[in-house]
J.: 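I have a structure I would like to understand better, so I am pasting it below and will then ask my questions one at a time.
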Amino acid sequence: MRKMFIIAAMGMMTLGASAQNVMDDNGKSTNQPSDGIAQVQLANQLAQYGYDNSSASALIEAAAILVEVGGQDLQAEYQRGEGADIKGERTAVTPAQLIADAKRYAEGDKTLLAMADKVKLNGTSRGPVGPGARRSSTYVLANSTDVFTIRFPGDKLAEVFVSGDGDTDLDLYVYDENKNLIVSDVDDTDQCYVSWTPAWTGPFKVKVVNRGNVRNYYSIWTN
């Protein structure tokens, strides 16, 4: 079952002066994500599949992957943008929410319920995948921009992945301390990934822009 959904999810699978980066014509990173970020991307693809198809199995697998990945709290200066606080149809995609929705979709199926109960929501994970993996969950108001100030080390790959709840389009921009745009992901989804290699250690402004008319719950991950 796990292999089937992982294969299905994979089938659905994306410079400024202070950074060395490879981007396509649309300004998106062409670097391959690290293993940790790739696992988070996979979990979110499974979650999207699960909600679109009312699949308890997909939601359970997505929750299991997120629990396994773990991740430490993102320590960053955070500023919520100003906008209309209008709730959409969906809520934050967390392991607990995924399991709760999976049990609802299971409709009493004992096998699926047993699978859901095996996901240890309050257990200890194996910790972050890769050194320094960090995460945070919040929401961005309608037609608004959230800003994180995050320090990244020089001469090492820097990654940011943002995964929304599916209600609106999110765009992601990264600026250096001199206000140069380093990299962005501005497609029409709320799944955003960027990566670059800073030329020196310093703070970067990470902006999450909500293009929709309702709030969007999202998680932000960095390596």
J.: Would you say the side chain of Ser195 lies within less than 4.5 Å of the side chain of Tyr193, judging by non-hydrogen atoms?
T.: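 SC-SC contact between Tyr193 and Ser195 confirmed.
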J.: Check step by step if side chain to side chain donor-acceptor pair (under 3.5 Å) holds for Gln41 and Trp221.
T.: CA-CA 10 Å; Gln41 290 177 325; Trp221 293 75; over 6 Å; no
J.: Side-chain contact test, heavy atoms from C-beta onward, threshold under 4.5 Å: evaluate it for Arg135 versus Leu74 and give yes or no.
T.: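 They are not in contact (no side-chain heavy atoms under 4.5 Å apart), so the answer is no.
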J.: When you measure from the side chain of Asp190 to the backbone of Gly166, do you find a donor-acceptor pair of N or O atoms at a distance under 3.5 Å?
T.: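 Judged by distance alone, yes, a pair lies under 3.5 Å.
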J.: Any ring pair (Phe, Tyr, Trp, His ring centres under 6.0 Å) pairs touching residues 51-72, not counting sequence neighbours?
T.: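 Matches after skipping sequence neighbours: none remain.
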J.: I want to check something: taking the side chain as every heavy atom from C-beta on, are Leu59 and Leu46 in contact at a cut-off of under 4.5 Å?
T.: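 No, every pair of side-chain atoms sits at 4.5 Å or beyond.
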J.: For the pair Leu172 and Val208, evaluate side-chain contact (heavy atoms from CB on, under 4.5 Å) and give the outcome as yes or no after the intermediate values.
T.: CA-CA 5 Å; Leu172 176 63; Val208 180; 4.2 Å; yes
J.: Evaluate side-chain contact (heavy atoms from CB on, under 4.5 Å) for Asn223 paired with Phe152, printing each intermediate quantity in order.
T.: CA-CA 9 Å; Asn223 65 332; Phe152 287 97; 4.1 Å; yes
J.: Run the side chain to side chain donor-acceptor pair (under 3.5 Å) test against Thr201 and tell me which residues pass, sequence neighbours left out.
T.: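 Checked Thr201 against side chain to side chain donor-acceptor pair (under 3.5 Å); zero matches.
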J.: Identify the two heavy atoms, one from Ala43 and one from Ala62, that lie closest to each other, and give their separation to 0.1 Å.
T.: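 Closest approach of Ala43 to Ala62: O-CB, 3.3 Å.
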J.: Tell me if a side-chain donor or acceptor on Asp167 pairs with a main-chain N or O of Val214 at a distance below 3.5 Å.
T.: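 Flag not set: sc Asp167 to bb Val214 has no pair under 3.5 Å.
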J.: Regarding Ser219 and Ser163, do their side chains bring together a donor and an acceptor under 3.5 Å, going by distance alone?
T.: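 There is no such pair between these side chains.
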J.: Decide whether Leu42 and Val69 are clustered together by the hydrophobic rule: side chain heavy atoms of Ile, Leu, Val, Met, Phe, Trp, Tyr closer than 4.5 Å, transitively.
T.: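 Yes, Leu42 connects to Val69 through the hydrophobic network.
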J.: Grab the two heavy atoms, one from Ala47 and one from Val93, that are nearest each other, plus how far apart they are.
T.: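 Here Ala47 and Val93 meet closest at CB-CG1, 4.0 Å.
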J.: Report the distance from atom CG of Asp165 to atom OG of Ser137, rounding to the nearest 0.5 Å.
T.: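 Asp165 CG to Ser137 OG: 11.5 Å, rounded to 0.5 Å.
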J.: Does a side-chain heavy-atom distance below 4.5 Å link Leu98 with Leu66?
T.: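 Contact flag for Leu98/Leu66 side chains = yes.
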J.: With a 4.5 Å heavy-atom cut-off, do Tyr218 and Leu170 have their side chains touching?
T.: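 The answer is yes; the side chains approach within 4.5 Å.
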J.: Can you see which heavy atom on Pro203 is nearest to which on Arg151, and at what distance?
T.: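 Scanning both residues completely, I find the closest heavy atoms to be CD-NH1, 3.7 Å.
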J.: Taking atom types as modelled, find out whether Asp52 and Gln48 have a side-chain donor-acceptor pair closer than 3.5 angstrom.
T.: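 Per modelled atom types, Asp52 and Gln48 side chains form a pair under 3.5 Å.
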J.: Just so I know, are the side chains of Val174 and Ser184 near enough to count as touching, which here means a heavy-atom distance under 4.5 Å?
T.: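 In short, these two side chains do not touch, never coming nearer than 4.5 Å.
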J.: Among pairs that include at least one residue of residues 137-146, which meet salt bridge (charged side-chain N to carboxylate O under 4.0 Å, His left out), considering only residues two or more places apart or in two chains?
T.: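 Salt bridge (charged side-chain N to carboxylate O under 4.0 Å, His left out) check on residues 137-146 returns no pairs.
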J.: So which pairs with a foot in residues 64-94 pass ring pair (Phe, Tyr, Trp, His ring centres under 6.0 Å), sequence neighbours left out?
T.: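 Found Tyr78-Phe148.
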J.: Step by step, work out the side chain to side chain donor-acceptor pair (under 3.5 Å) result for Thr189 and Asp187.
T.: CA-CA 6 Å; Thr189 74; Asp187 62 15; 3.0 Å; yes
J.: Does a side-chain heavy-atom distance below 4.5 Å link Thr138 with Arg80?
T.: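 Sidechains of Arg80 and Thr138: in contact.
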J.: Could you tell me the separation between the OH atom of Tyr49 and the OG atom of Ser55, rounded to the nearest 0.5 Å?
T.: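 Between Tyr49 OH and Ser55 OG, I get 5.5 Å after rounding to 0.5 Å.
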J.: Got a donor-acceptor contact below 3.5 angstrom from the Asp176 side chain to the Asn178 backbone?
T.: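 Yes, Asp176 side chain to Asn178 backbone: donor-acceptor pair under 3.5 Å.
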J.: Who are the ring-ring contact (aromatic ring centres under 6.0 Å, His included) partners of Tyr217, not counting sequence neighbours?
T.: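 By the ring-ring contact (aromatic ring centres under 6.0 Å, His included) rule, Tyr217 matches Tyr139.
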J.: Under 3.5 Å, side chain of Glu159 to main-chain N/O of Val194, donor-acceptor pair present?
T.: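 Side chain of Glu159 to backbone of Val194, a donor-acceptor pair under 3.5 Å: no, none is there.
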J.: Give every residue pair that meets the ring pair (Phe, Tyr, Trp, His ring centres under 6.0 Å) criterion with at least one member in residues 92-113, sequence neighbours excluded.
T.: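 Found none.
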J.: Side chain to side chain donor-acceptor pair (under 3.5 Å) with Thr168: which residues, sequence neighbours excluded?
T.: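 If we apply the side chain to side chain donor-acceptor pair (under 3.5 Å) test to Thr168, skipping adjacent residues, the hits are Asn210, Asn216.
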J.: Using the salt bridge (charged side-chain N to carboxylate O under 4.0 Å, His left out) criterion, which residues pair with Asp85? Sequence neighbours excluded.
T.: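 Asp85: salt bridge (charged side-chain N to carboxylate O under 4.0 Å, His left out) contacts with Arg215.
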J.: For the residue pair Glu82 / Ser144, report whether a side-chain donor-acceptor contact shorter than 3.5 Å exists.
T.: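 Absent: no donor and acceptor within the cut-off.
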J.: Would you mind listing every salt bridge (charged side-chain N to carboxylate O under 4.0 Å, His left out) that reaches into residues 191-212, with sequence neighbours excluded?
T.: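 Every salt bridge (charged side-chain N to carboxylate O under 4.0 Å, His left out) pair that includes a residue of residues 191-212, provided the two are not neighbours, is Asp171-Arg211.
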J.: When rounded to the nearest 0.5 angstrom, what is the spacing between CD1 in Ile86 and CG in Asn213?
T.: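 The CG atom of Asn213 is 7.0 Å from CD1 of Ile86, to the nearest 0.5 Å.
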J.: In the hydrophobic clustering (ILVMFWY, side-chain contacts below 4.5 Å, transitive), which residues join Leu113, or is it alone?
T.: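 Its cluster partners, ordered by chain and number, are none at all.
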J.: How close do Asp117 and Lys103 get, heavy atom to heavy atom, and via which atoms?
T.: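 So the two residues come closest at OD1-NZ, 2.9 Å.
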J.: Determine whether Tyr173 and Leu141 fall in the same hydrophobic cluster, where Ile, Leu, Val, Met, Phe, Trp and Tyr are linked whenever their side-chain heavy atoms lie under 4.5 Å apart.
T.: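 Different clusters.
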J.: Can you name the nearest heavy-atom pair linking Glu177 to Gly202, along with the distance?
T.: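 Closest approach of Glu177 to Gly202: OE2-CA, 4.2 Å.
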J.: For residues 91-100, which residue pairs pass the salt bridge (charged side-chain N to carboxylate O under 4.0 Å, His left out) check, not counting sequence neighbours?
T.: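 Non-adjacent pairs meeting salt bridge (charged side-chain N to carboxylate O under 4.0 Å, His left out): zero.
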J.: So which pairs with a foot in residues 86-97 pass side-chain hydrogen bond (donor to acceptor under 3.5 Å, both in side chains), sequence neighbours left out?
T.: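 Only Gln97-Asp101 qualify under side-chain hydrogen bond (donor to acceptor under 3.5 Å, both in side chains).
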J.: So which heavy atom on Ala56 is nearest to which on Ala102, and how close?
T.: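 Where Ala56 meets Ala102 most closely, the heavy atoms are CB-O, 3.3 Å.
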J.: Hey, any chance Val147 and Val160 share a hydrophobic cluster, counting ILVMFWY side chains that come within less than 4.5 Å of each other, even indirectly?
T.: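 Each belongs to a different hydrophobic cluster.
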J.: Hey, are the side chains of Val140 and Thr145 touching, using non-hydrogen atoms and a 4.5 Å cut-off?
T.: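 No, their side chains stay 4.5 Å or more apart.
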J.: Could you go through Ile150 and Phe204, starting from their C-alpha distance and side-chain angles, then the distance that decides it, and tell me whether this counts as side-chain contact (heavy atoms from CB on, under 4.5 Å)?
T.: CA-CA 5 Å; Ile150 307 173; Phe204 289 80; 5.6 Å; no
